Every structure is written in C-alpha cells, then in structure tokens.
Amino acid sequence: MCDIQSILVVSDNPELVSFFRKECAMQGVSELHRIDYRYSTVNKSPNEMINLGATPVDIKDPQFVAFAKDEYELIFSLHCKQIFPAELVTFVTCINVHPGLNPHNRGWYPQVFSIINRKPIGATIHVIDEAVDHGGIVDQVTVDILSSDTSLDVYERVVEAEKMLIRKNLLEIVNGKFSTTVPESEGNYNSISDFKSLCQLKLDRTGTLSEHIDLLRALSHGEFNNAYFFDEKGKKIFICVTLKEQDN
Ligand code: 0FX
C-alpha cells in the first residue's frame with residue numbers, strides 16, 4: 001500500500017456505502033486506512049446514512065475544504081447530492097462513482113434520458129474535475145436497456161454495475177495505481193430542470209407511440225410521482241406504467 005492515510009467517502013446513498021464498506025473490509029483497505037463517512041447537509045432523509053455512522057458535511061463550505069485538503073489524500077463521491085467545489089478537486093484526488101456512462105447523458109438521472117434519447121447507459125468511475133461528471137475515466141461498463149424496462153429496472157442494473165466497478169478498482173485507486181482515459185467527447189449534460197420539464201406531460205404533443213411509451217417508462221421509477229398532466233378540472237394526475245415481457 002502507498003502512504004495514503006485517511007480516506008473520505010461522501011455519499012447520500014446507503015446501499016452503495018454499505019457495499020463500499022464491506023469491500024474495504026474484504027480487500028484490507030479499512031485495516032490500513034482511516035475511512036470517514038459523510039453525507040450532504042442538503043440530504044433531507046439522512047436516517048439510513050446516520051445509522052451507517054455517517055455525519056453531515058457541506059462539501060462546499062470553505063472551512064471544510066481547507067480542513068479536507070490537509071486531512072485527506074483521497075475522497076470518494078458515491079452519489080453525493082452536492083457538486084464538489086473546484087478548490088477541493090484541484091488539491092485532493094476526488095473519485096466519483098457515477099450512475100451513467102460518461103460522456104453520455106452526464107448530470108441528473110442518466111438512465112431516464114438514455115431510455116428517451118437512446119444514448120448508451122452504464123456506470124463510470126472517474127476523477128472529478130471542475131465540470132460535472134466530466135474528468136478522466138478510471139473504468140466504466142455499459143448495461144442494456146430492454147424494451148420492457150422502466151427507469152427503475154435500468155437504475156437497478158446500473159447500481160449493480162457500479163458495485164462491480166468498485167470491487168474491481170478499489171485497491172488500484174486506494175494505492176494510486178490507476179490510470180485514466182479522456183472521455184471520447186464532451187457528450188451531453190441534463191439538469192434537474194430538464195428532468196422536471198419532461199415530467200410535465202404535454203397532452204397535445206405529437207410523436208410516434210413508441211416515443212410516447214419511451215417517455216412514460218423513462219419516468220416510471222417505483223413509487224416516485226414523476227410524469228403528470230392536468231385534467232379538464234385542473235386536477236394534477238400522475239401517471240406511471242408497467243411493462244411485462246411475455247413468459248416463454
Ligand atoms: O443515489 P441516487 O441515485 O441519487 C444521488 C443524489 O440524490 C442525486 O442528487 C445525484 N445526482 C446522484 C448521483 O446521487 O438516489 P435518488 O433516489 O436521488 O435517485 C435514484 C433514481 O430515482 C434516479 O436515477 C431517478 C429516480 N428518481 C429520483 C427522484 C428523487 C425519480 O424518478 N424521481 C425522483 O423524484
């Protein structure tokens with residue numbers, strides 16, 4: 001192992017933190033390094049993160065950034081709700097585990113946009129630079145989108161791919177032995193406003209039925225109320241779809 005002393009993990013996703021922690025134990029990382037777990041102060045339901053022993057942090061707070069620059073030689077973002085500030089990522093190696101296949105559909109909810117625009121989807125581990133989901137790629141893997149998939153189905157496949165990438169790359173990252181490749185292009189970026197405007201269904205929208213089905217399944221994600229329209233009485237009606245492949 002190299003001389004990395006302390007590692008910070010900032011995450012708002014308990015499933016990935018549990019997995020990461022087990023891998024660190026199994027691969028001997030937690031024996032040799034102190035690993036601190038934090039969740040974002042913007043996280044409105046942090047109970048599971050608190051149960052995992054994480055404490056809150058505002059990753060943009062200049063005082064915290066100054067502290068982190070001295071304290072940590074490696075920082076992981078495992079689905080952190082905040083964007084890391086430039087002052088931090090230029091001083092400390094920050095690694096993002098991202099639920100998308102950079103550079104395609106960088107930003108918010110990549111699988112939602114990939115179902116609609118047919119760009120590839122998968123998971124990526126990359127070095128964080130000053131732009132969102134943008135830095136040098138350590139490793140990535142593509143996952144399929146099936147015709148019967150909703151956003152949730154693809155997302156679950158992506159999270160499994162992220163876990164596989166964490167398991168495969170953990171030691172090389174911790175030991176500073178990883179290399180990166182430059183993304184093939186700048187790709188495209190989707191914001192939360194792009195997602196919200198998709199959710200507001202325009203009932204007079206034209207297009208093929210196939211495009212409409214893709215839009216609805218892209219916005220169907222378990223219990224989330226995403227896609228909606230207003231009925232003639234002005235009532236807001238949410239819509240989500242289920243799809244089923246024929247049994248063989
Ligand atoms: O862990 P995560 O995938 O998301 C987190 C952060 O919340 C998010 O801000 C950050 N961009 C991402 C890298 O890490 O969990 P989530 O529950 O916020 O979202 C998971 C999926 O759930 C998302 O891909 C789409 C779906 N979703 C989520 C919300 C909040 C919806 O369909 N509608 C929603 O309102």
Side-chain angles (χ1 to χ4, degrees), residues 9-21 37-49 52 54 56-60 75-84 89 94-117 119-128 131-135 140 143 145 149-163 165-166 187-201 214-228 236 238-243:
V9 176
V10 190
S11 176
D12 296 296
N13 187 301
E15 181 181 348
L16 282 179
V17 165
S18 302
F19 180 84
F20 186 90
R21 180 177 273 165
Y37 291 90
R38 298 288 195 106
Y39 65 87
S40 317
T41 44
V42 295
N43 186 340
K44 291 192 185 104
S45 43
N47 283 348
E48 281 186 79
M49 291 302 303
L52 289 167
V57 70
D58 175 0
I59 199 77
K60 296 181 176 188
I75 303 180
F76 283 92
S77 165
L78 303 180
H79 294 202
C80 171
K81 284 186 183 294
Q82 285 188 302
I83 293 171
F84 282 30
V89 303
C94 295
I95 300 288
N96 189 24
V97 179
H98 172 63
L101 194 78
N102 292 357
H104 310 289
N105 290 319
R106 293 162 36 229
W108 287 80
Y109 307 160
Q111 81 284 351
V112 169
F113 293 92
S114 284
I115 291 173
I116 295 166
N117 64 21
K119 290 181 192 290
I121 182 68
T124 302
I125 296 185
H126 67 92
V127 175
I128 303 180
V132 178
D133 304 328
H134 184 268
Q140 63 182 172
V143 306
I145 297 179
D149 282 338
T150 61
S151 165
L152 177 60
D153 298 315
V154 184
Y155 180 76
E156 287 175 345
R157 211 170 285 137
V158 167
V159 171
E160 288 312 305
E162 289 180 292
K163 290 178 184 170
L165 289 180
I166 291 170
N188 65 307
Y189 172 82
N190 305 297
S191 65
I192 189 65
S193 316
D194 294 325
F195 175 74
K196 285 184 176 162
S197 73
L198 282 179
C199 289
Q200 185 172 4
L201 299 176
D214 281 349
L215 176 62
L216 292 178
R217 69 193 183 102
L219 295 172
S220 297
H221 195 111
E223 296 300 308
F224 286 116
N225 285 327
N226 291 330
Y228 64 90
K236 191 173 187 177
F238 289 101
I239 177 169
C240 68
V241 294
T242 52
L243 302 97

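Read the numbers this way: they start at 1 and go in the same order the structure lists the ligands and their atoms. Because the structure is a prediction, the values reported are computed rather than measured.
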The closest protein heavy-atom partner of atom 10 (C) of ligand 1 is C80 O, 4.1 Å
Protein residue, atom and distance nearest to atom 29 (C) of ligand 1, heavy-atom basis: Y109 OH, 3.3 Å
Could you tell me whether ligand 1 has any atom less than 4.0 Å away from a heavy atom of N226? yes
What residue and atom, counting heavy atoms only, is the protein's closest point to atom 4 (O) of ligand 1, and at what distance? H79 ND1, 4.2 Å
Should you measure from each heavy atom of W108, which atoms of ligand 1 turn up under 4.0 Å away? 9 (O)
N13-ligand 1 polar pair, N/O distance under 3.5 Å: yes
Polar atom proximity, S151 to ligand 1 (N or O, under 3.5 Å): no
Does H134 reach the side chain of N102, with side-chain heavy atoms less than 4.5 Å apart? no
Should H98 and P110 count as side-chain neighbours, where that means a heavy-atom distance under 4.5 Å? yes
Any protein heavy atom at under 4.0 Å, with atom 16 (P) of ligand 1 as the reference point? no
Given that the side chain starts at C-beta and the backbone is N, CA, C, O, which of these parts of H221 lies under 4.0 Å from ligand 1, counting heavy atoms, or is it both or neither? side chain
Got a salt bridge between R157 and E160, using NZ or NE/NH1/NH2 to carboxylate O under 4.0 Å? no
Kindly confirm or rule out an N or O of K81 lying under 3.5 angstrom from an N or O of ligand 1. yes
Quick one: does Q111 get an N or O within less than 3.5 Å of an N or O on ligand 1? yes
Could you tell me whether the side chains of H126 and N96 share a donor-acceptor contact shorter than 3.5 Å? yes
Within-4.5 Å side-chain heavy-atom neighbours: V57 and T41: no
In terms of residue, atom name and distance, what is the protein heavy atom nearest to atom 3 (O) of ligand 1? Y155 OH, 2.5 Å
Would you call the rings of Y155 and H79 parallel, tilted or perpendicular, taking 30° and 60° as the class edges? tilted
Atom 35 (O) of ligand 1 sits nearest the protein heavy atom F224 CD2, 3.6 Å
